[in-house]
> 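Okay, handing you the structure first.
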Amino acid sequence: MTKSQIESEIAELKMDYISLQGDIEKLESTGHGDSVQKAEARLAKMEDRLAELNQQLAAL
């Protein structure tokens with residue numbers, strides 16, 4: 001991957017992450033615990049991917 005591709009994917013993941021955080025807040029306020037847990041698992045995967053991409057970016 002090129003530097004610009006990595007930066008682009010990071011930006012996209014950050015936008016998705018913020019959106020998902022908002023969704024989680026809505027789900028929590030309406031009492032959908034199972035959906036919250038699934039969404040939090042997705043957040044964790046996004047965090048792992050962001051860490052991986054940031055390491056790749058630092059290595060360039």
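This is a predicted model, so every value here is computed, not measured.
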> Just so I know, are the side chains of I6 and K3 near enough to count as touching, which here means a heavy-atom distance under 4.5 Å?
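No; the side chains remain at least 4.5 Å from each other.
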
> Consider only side-chain heavy atoms of I, L, V, M, F, W and Y, link residues closer than 4.5 Å, and tell whether L60 and I10 are in one cluster.
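Yes, because L60 and I10 connect within a single hydrophobic cluster, where side-chain heavy atoms sit under 4.5 Å apart.
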
> Using 0.5 Å steps for rounding, measure from the CD atom of Q56 to the CD atom of E7.
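One finds 12.0 Å between CD of Q56 and CD of E7.
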
> Verify, without hydrogens or angle tests, whether S19 (side chain) and M15 (backbone) share a donor-acceptor contact under 3.5 angstrom.
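Absent.
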
> At what distance, to the nearest 0.5 angstrom, does NZ of K38 lie from CG of L27?
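CG of L27 is found 11.0 Å from NZ of K38.
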
> Report the distance from atom CG of L50 to atom CD of E52, rounding to the nearest 0.5 Å.
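Rounded to the nearest 0.5 Å, the CG-CD separation comes to 10.0 Å.
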
> State the CD1-CG distance between I18 and L43, to the nearest 0.5 angstrom.
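Taking CD1 in I18 and CG in L43, the distance rounds to 11.0 Å.
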
> Given side chains that start at C-beta, do those of I24 and E28 come closer than 4.5 Å, heavy atoms only?
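The answer is yes; the side chains approach within 4.5 Å.
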
> Testing the basics here: between A39 and L20, what is the closest heavy-atom pair and its distance to 0.1 Å?
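The answer is O-CD2, 3.6 Å.
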
> Answer yes or no: is there a side-chain heavy-atom contact under 4.5 Å between R49 and E9?
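When only atoms from C-beta onward are counted, E9 and R49 do touch, with a gap below 4.5 Å.
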
> Whether the side chain of Q5 engages the backbone of T2 through a donor-acceptor N/O pair (distance < 3.5 Å, no angle test) should be reported.
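Yes, Q5 side chain to T2 backbone: donor-acceptor pair under 3.5 Å.
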
> Taking atom CG as the centre, does D48 end up with more than 12 heavy-atom neighbours from other residues, nucleotides or ligands that are less than 6.0 angstrom away?
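Buried by this count: over 12 neighbours within 6.0 Å.
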
> How many angstroms lie between CG in L53 and CE in M1, if you round to the nearest 0.5 Å?
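Here the rounded value is 6.0 Å.
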
